[in-house]
Amino acid sequence: MKVLLIDDEKHVREGVKLLANWDVIGVTEILEAENGAIAQEIIKKEQPTIIFTDLMMPELDGRGLLKWLHTENIKSKVIVVTGYDDYHYMREAIQFGASDYLLKPIDPDILNETLLKVVSDWNEQEKERIEALNDFRMLQEVLPVYRDKELTNAILGKEFNRNFLIQLGYEEGKTLHVSLLKLRNLETFRDIWPEDLCYFALLNIVNEVLQKHNDGIAFQNLQGSKEICLLYWGDEVTDNIQHIAKILSTVVPFPFHFAISRKLEVESIPFGYEEVVNVLQHMNILEKRDLPVYSYTDVKEYNPINLVEIVNLFEQMVEKQDIYIYDEVIQLFSKRITQQKYLPFAQLLSLHQEFLIFFNHWINKLSLQTIEGVNIELFWNAKGHFEVGEYVATQRERVQSIIQEKNQTNQELNSIEAIANYIQQNYAEEISLQEFSEKFYLSREYISRKFKQIYGVNISDYIVSIRIEKAKELLKFPNLKIYEIAGKIGYQDDKYFRKVFKKIVGMTPNEFRNLNE
């Protein structure tokens, strides 16, 4: 049993150590901390059974520590030791879980009596906790969530209950295979088959087949994306997985893929999971199988296509606003994969990632909001075949949208520049957003937003800056009166002009003129 003494006064900690009969209650280690902040780390690491704490301490006081213990649901028994005989403090300490409240100077008899009571309460509660934990474990062993949790730990290389695997039917010493059932395109069928229903139904179907001859167990990978895993310890793994795939193909409307690892020892389950993930990453999507079942023998070596060249061509395509460059790029890509007769899904994912980067770049650059992303999962058809042509055509439509948006943006940019030129030529006139809207066939809101985006200021401030710059030039001519200069740049009220000039330049027109003589 460990005890933690928390007090910023060392003599108080020493006093408690000397006065308590630690051997009687079975204390094996006494830890110390000067304040609550230091104590937090010790509590997390050492998990003391009993904590003595002062209320008034620097950094984190006893009340703050009690609140933290309560929030973290830490079950240590806490005894508050303080010099403040205050009912408010006592009530707050008890409210946040303190077992007792001792006043300084500490009475040895009261201290040891309190310790005996606290240890007795702890032992009783510990007995109840152990019984509850045993009940919980028994309950969990019959629940699918426990199965999924333990076996997810197994495939991820974490500690798991091997006895539980034996309870499920595995015989110690037997080899096994890891198989992965990857669910595809669930989004399209979510109204028919909600995701929770998918896992429930599929696990029931697969486990019913597996348990008929005690061939293995299926479970949901709680750390994977749309994955059901199988630990298969029966014979003829490929035939049986194909049999399961055939059953599922008649039941579920969405596509799926199976992958099978090589034969493994139990200790190599994590390797088997990595292998089946790799199998599905490298399955040849040019191949159209009747049953979507793949194994480690289907993974082949290939020369990855350098996508840098493709990305550069995409950039040229948008800059030149030439959609036919896209077709040339796809033809180039198709020619290379046709030569190899092998397009692993991983290569397509890489291309898809380059598409995402490319689109995000231009969407941000052109401030677009109308182009939606493409979900690659949607291109798996009901048989588990990837519709490459449909995917390429969909991406082409998005590219075309980018080019059209850029063309429109260029036209609008030219209009904004024309507006700025118009202001520079007609700054002395009364100019309104409505006038620009009618003249350039753009909305006032768009003109205002786009002008500020390009020039960094709104139109009214831009007009003022042009006028003030012109005023500075005219002030160099001493024969021109201030009111004359104001009129020439568009201000009929010279007092208002003086006010604006001083606000922008930081001095009056006369001061500016004198400074530049």
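Side-chain atoms are counted along with the backbone in the values below, which use heavy atoms only and exclude waters and symmetry mates.
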### Task
Check whether any side-chain N or O of N112 sits under 3.5 Å from a backbone N or O of L19 as a donor-acceptor pair, and report yes or no.
yes

### Atom CD of E301 with >12 non-hydrogen neighbours under 6.0 angstrom
no

### Flag side-chain contact, heavy atom, 4.5 Å: Q211 against I217
yes

### Message
Show every ring pair (Phe, Tyr, Trp, His ring centres under 6.0 Å) that has at least one partner inside residues 197-247, sequence neighbours left out.
### Response
Y170-W233

### Task
Take the angle between the ring planes of W380 and H257 and call it parallel below 30°, perpendicular above 60°, tilted in between.
perpendicular

### Query
Heavy-atom count around E72 CD within 6.0 Å, excluding the residue itself: above 12?
yes

### Message
Atom CG of residue position D239 - does it have more than 12 heavy atoms of other residues, nucleotides or ligands inside 6.0 Å?
### Response
yes

### Message
Can you tell me how the ring of Y462 sits relative to the ring of F451, calling it parallel under 30°, perpendicular over 60° and tilted otherwise?
### Response
perpendicular

### Summary
All heavy atoms of L203 vs all of R147, minimum pair found to be CD1-NH2, 3.5 Å

### Message
Please check: side-chain N/O of T71 versus main-chain N/O of K67, any donor-acceptor pairing under 3.5 Å?
### Response
yes

### Query
Do the side chain of N221 and the main chain of C229 share a donor and acceptor less than 3.5 angstrom apart?
no

### Side chains of S76 and L69 in contact at under 4.5 Å (non-hydrogen atoms)
no

### Task
Answer yes or no: does atom NZ of K503 have more than 12 heavy-atom neighbours from other residues, nucleotides or ligands under 6.0 Å?
no

### Query
Any side-chain heavy atom of F271 sitting closer than 4.5 Å to one from R262?
yes

### Query
Between S350 and Q347, is any pair of side-chain heavy atoms under 4.5 Å apart?
yes

### Query
Are any non-hydrogen side-chain atoms of L230 and I241 less than 4.5 angstrom apart?
yes

### Task
I would like to know whether W68 and I74 meet side-chain contact (heavy atoms from CB on, under 4.5 Å); could you show each step before the answer?
CA-CA 9 Å; W68 176 77; I74 293 173; 3.6 Å; yes

### Query
Does one side chain, of E387 or N381, offer a donor that lies under 3.5 Å from an acceptor on the other?
yes

### Query
Is a donor on one side and an acceptor on the other found under 3.5 Å between the side chain of S249 and the backbone of K246?
yes

### Query
Heavy-atom distance under 4.5 Å between the side chains of L348 and I376, does that happen here?
yes

### Query
Would you say the side-chain atoms of T28 pair up with the backbone N or O of M1, donor to acceptor, closer than 3.5 Å?
yes

### Task
Could you tell me whether E287 atom CD has more than 12 heavy atoms of other residues or ligands within 6.0 Å of it?
yes

### Query
Under 4.5 Å between any side-chain heavy atoms of T394 and F379, yes or no?
yes

### Query
Within a reach of under 6.0 Å around CD of Q281, are more than 12 heavy atoms found that belong to other residues, nucleotides or ligands?
yes

### Query
Is the shortest heavy-atom distance from the side chain of F189 to the side chain of C198 under 4.5 Å?
no

### Message
Closer than 3.5 angstrom, by distance alone: can the side chain of D298 be matched with the main-chain N or O of V279 as a donor-acceptor pair?
### Response
no

### Task
Test side-chain contact (heavy atoms from CB on, under 4.5 Å) on F258 and L248 and set out the steps.
CA-CA 11 Å; F258 266 109; L248 294 183; 4.0 Å; yes

### Query
Run the side-chain contact (heavy atoms from CB on, under 4.5 Å) check on L202 and L183 step by step: do they pass?
CA-CA 10 Å; L202 292 177; L183 312 182; 3.5 Å; yes

### Task
Please confirm whether the backbone N or O of P344 pairs with a side-chain atom of N284, one donor and one acceptor, at under 3.5 Å?
no

### Task
Can you sort out the partners of K263 under salt bridge (Lys or Arg N to Asp or Glu O under 4.0 Å), two or more places apart, ordered by chain and number?
none

### Message
One pair to check against side-chain contact (heavy atoms from CB on, under 4.5 Å): R13 and E34. What are the steps and the verdict?
### Response
CA-CA 9 Å; R13 302 197 302 271; E34 297 177 2; 4.1 Å; yes

### Query
Judged by atom type as modelled, is there a donor-acceptor pair below 3.5 Å linking the side chain of D148 to the main-chain atoms of Q220?
yes

### Task
Please report the shortest heavy-atom distance between A37 and N35, naming the atom on each side.
N-OD1, 3.0 Å

### Query
Relative to each other, are the rings of F164 and Y146 parallel, tilted or perpendicular (30° and 60° limits)?
perpendicular

#### Entry: salt bridge (charged side-chain N to carboxylate O under 4.0 Å, His left out) contacts in which one or both residues fall within residues 223-232, not counting sequence neighbours
K182-E227, E187-K226

### Message
Would you say the ring centers of H282 and Y294 fall short of 6.0 Å from each other?
### Response
no

